[in-house]
Amino acid sequence: MNDIDDLDTKIKKLTPKKNESATKPNSALGIAMRLSSELVAAVFVATFIGYYLDKWLETGPFLMIFFFFLGTVTGILNVVRTSKMINKD
Amino acid sequence: MATNPMNQFEVYSIGPKIQIGSFDVSFTNASLFMVLTVSIIAIFFVAATQRKSLIPGKLQLLAEMIYEFVSKMISDTAGKDARPYFPFILSLFLFVLVSNMIGMIPYSFTVTSHIIVTFALALFVFVGVTIIGFAKHGLSYFKLFVPSGVPAVLLPLIVVIEIISYLSRPISLSVRLFANMMAGHTMLKVFGGFVVSLGILGGWLPLGFSIALTGLEILVAFLQAYVFAILTCIYLNDALHLHH
């Protein structure tokens, strides 16, 4: 009986450890790539939107410039959000 | 011998030329490697689940590990409601992983090093997640773009920013995978070229770099597949549970 109890405590000791380390290959490289692409993509998309709005409304380069800065803001916001999420994990 | 490091990314058609309307839909080397990827996954799972025993063999163990890895990833990031989408995320993860890994074999072709392939995958995820969001929440899904507790003066600006942020998801998803794979493979080829051009005297240093880079690239290949799948889960989570 004693042996079984011993085994039980041993198993209980080991189980949470196994669960923690089962998945999470969160390497620095992965995080770096995630953040940088997040920043660039928003600027790219916003400038693209601005360019086509300019073409449609014939407002010269102004909307594109405006949306470029808006995209930069969005990119920084995305980076802040992503890093918050990574920190929470 | 191909000295141009970009030669490896060339798409050319093999077999007869097929034309539908103005589209050239010939079977290319990219198509060949996609078929290869899918067949490897299918054959692997059929073989692994051939003899289902309580004490798993090597193949069955590997299949179970993959299954549990993805299953845990989904329940950790997207919760219980995302269970119905498990087959899709598993297929997506395996497709990206296996095509990245096939790309690591010399003289092969990396499907995921083309932006159109990764963008198609990302767009599929994006459209799917948006449809799921609207189906689940109806018009209140638009609340995703209106964060709570924002002053009314700033609201128009914030809504535009949120929409840009939402639209940038497929771009960042696809560009990340594509850029990683393309940069890695170009770098490998460049260092390989250095080994040849420096010859037996100076070629040892780039050869060492090449070996180190190959290891790094295998890590990146796995990591990018993982990141692609986990971001899909995160987007799915956003669509299933509105909490902005």
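Letters go in sequence order (proteins before strands), and every chain restarts at 1. All values below were derived from every heavy atom in this structure, side-chain atoms included, with hydrogens, water molecules and symmetry-related copies excluded.
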B:Ile163 versus chain A, the contacting section by heavy-atom distance below 4.5 Å: neither
So which residue, A:Gly75, A:Ala42, A:Gly71, ends up with the most heavy-atom pairs under 4.5 Å with chain B? A:Ala42
Of A:Thr74, A:Val73, A:Val45, the one forming a side chain to side chain contact (heavy atoms under 4.5 Å, CB included) with B:Ser165 is A:Thr74
Can you say whether A:Phe67 sits under 4.5 Å from chain B via the side chain, the backbone, both, or neither, judging by heavy atoms? side chain
Considering only heavy atoms, which portion of B:Val175 lies under 4.5 Å from any heavy atom of chain A: side chain, backbone, both, or neither? neither
ring-ring contact (aromatic ring centres under 6.0 Å, His included), paired with B:Phe93, selected from B:Tyr85, B:Phe69, B:Phe86: B:Phe69
A:Leu77, part contacting chain B, at a heavy-atom distance under 4.5 Å: side chain
CA sep, side-chain torsions, deciding dist, call: B:Arg83, B:Ser71, side chain to side chain donor-acceptor pair (under 3.5 Å): CA-CA 8 Å; B:Arg83 287 307 301 175; B:Ser71 158; 3.3 Å; yes
Please state whether the side chain, the backbone, both or neither of B:Leu231 comes within less than 4.5 Å of a heavy atom of chain A. side chain
Any carboxylate oxygen within less than 4.0 angstrom of a Lys/Arg side-chain nitrogen, looking at B:Glu217 and B:Lys189? no
Could you check B:Thr77 against B:Asn237 for side chain to side chain donor-acceptor pair (under 3.5 Å), going step by step and ending with a plain yes or no? CA-CA 7 Å; B:Thr77 49; B:Asn237 182 39; over 6 Å; no
